[in-house]
Amino acid sequence: MDAQTARFIFLFLDGVGLGAAKATNPLAAIAAMPFLTELLGGPLVAGQTTHQAQVLCQAIDATLGVPGLPQSATGQTALFTGCNAPAFLGRHQSAFANGSLRTLIAAHGMFQQVLQLGGAVTHANLYSPAYFEAIAQRRRRYSVGTLLALTAGVPFRMGGESDRQQAISWDITGEYVNQRGGKLLPLTAAEAGQRLAAIASQHHLTLFECYLPDYAGHSQDKAQVMQVLQLVDAFIASIVAHLPPHLNLVISSDHGNIEESWHPHHTLNPVPLIVIGPQAIAFQSVQDITGITPKIVELLQLSSNALPSLNYAL
Ligand SMILES: [Zn+2]
């Protein structure tokens with residue numbers, strides 16, 4: 001494998017904004033995210049900007065010029081396609097992707113774009129037959145990330161015996177899912193991070209989606225908020241500890257929420273863009289959540305002569 005080949009993990013954290021550095025912001029406490037705080041040179045709050053050779057952190061806009069609070073379906077579509085989804089719909093749309101967002105995802109999804117360059121992509125999240133049964137029975141609707149993989153023909157990691165070690169539950173450890181009747185083999189955050197780095201070493205672009213921060217933010221439960229932030233921080237620490245030298249970890253969010261967990265609503269705050277790896281500084285030009293997919297695709301294009309050297313492996 002060519003050492004020059006750019007590779008990326010996109011760690012999507014739902015509902016993490018950059019709020020004011022005051023005591024009510026759980027992210028202002030060093031105990032919330034000790035690894036990230038040390039790495040970035042300060043807590044993940046408004047004004048925390050880091051531009052080092054291998055570590056970038058900056059605020060990017062999630063409102064995209066559309067009035068109202070940013071929401072998940074349009075925010076995730078913007079992140080994963082590079083399109084201004086709320087402007088396309090004329091509003092911010094919550095939760096799940098409807099028909100017209102699906103057309104944007106099918107045409108401009110980042111998996112599709114990287115596949116067209118000859119790259120290998122994967123969705124590292126664990127899926128279950130029950131999820132797809134619920135969709136077939138119209139009890140659930142597709143998430144943006146699911147549509148991203150589905151429309152690009154990227155196989156889902158279904159959690160059978162053979163690939164149970166090859167996927168990560170959206171809640172990182174499986175604890176949240178198991179408390180609600182799931183039967184997952186529990187992982188520690190450290191094990192999950194190591195697993196994600198191993199999956200990513202076989203692909204040019206690996207997506208992992210974690211919704212815990214948004215759930216915790218909506219819950220307004222201080223203990224849960226702190227527990228989730230610490231879990232996510234330990235997960236990130238483990239990914240970074242196991243990151244091959246040519247791989248970049250890109251972390252961002254669709255809208256703010258957990259940084260103002262004293263109320264149950266999303267926020268207008270910018271969201272963090274954190275990039276750890278050799279291409280980190282190239283992301284300095286990204287201004288808002290539509291800028292991440294085009295930047296990843298551009299950087300893969302620049303090294304696209306090396307793309308065919310990577311064998312596709314799920
Ligand atoms: Zn939410």
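Just so you know, ligand 1 is whichever comes first in the structure, and atom 1 is the first atom listed for that ligand. Basis for what follows: all heavy atoms, side chains included, without hydrogens, waters or symmetry-related copies. Since this is a predicted model, take the numbers as computed values, not measurements.
The ring of W170 has its center closer than 6.0 angstrom to the ring center of Y215. Aromatic ring centroids of F80 and F111 lie 6.0 Å or more apart.
Summarising the geometry, atom CG belonging to N25 is positioned 8.5 Å from atom CG belonging to N269; distances are rounded to the nearest 0.5 Å.
At a cut-off of 2.8 Å, H266 coordinates the Zn ion (ligand 1) through an N, O or S atom.
Below 30°, between 30° and 60°, or above 60°: for F156 and H123 the angle between ring planes is between 30° and 60°, a tilted geometry.
The N, O or S atom of H218 with the smallest distance to the Zn ion (ligand 1) is NE2. The atom name of the N/O/S atom in D214 closest to the Zn ion (ligand 1) is OD2.
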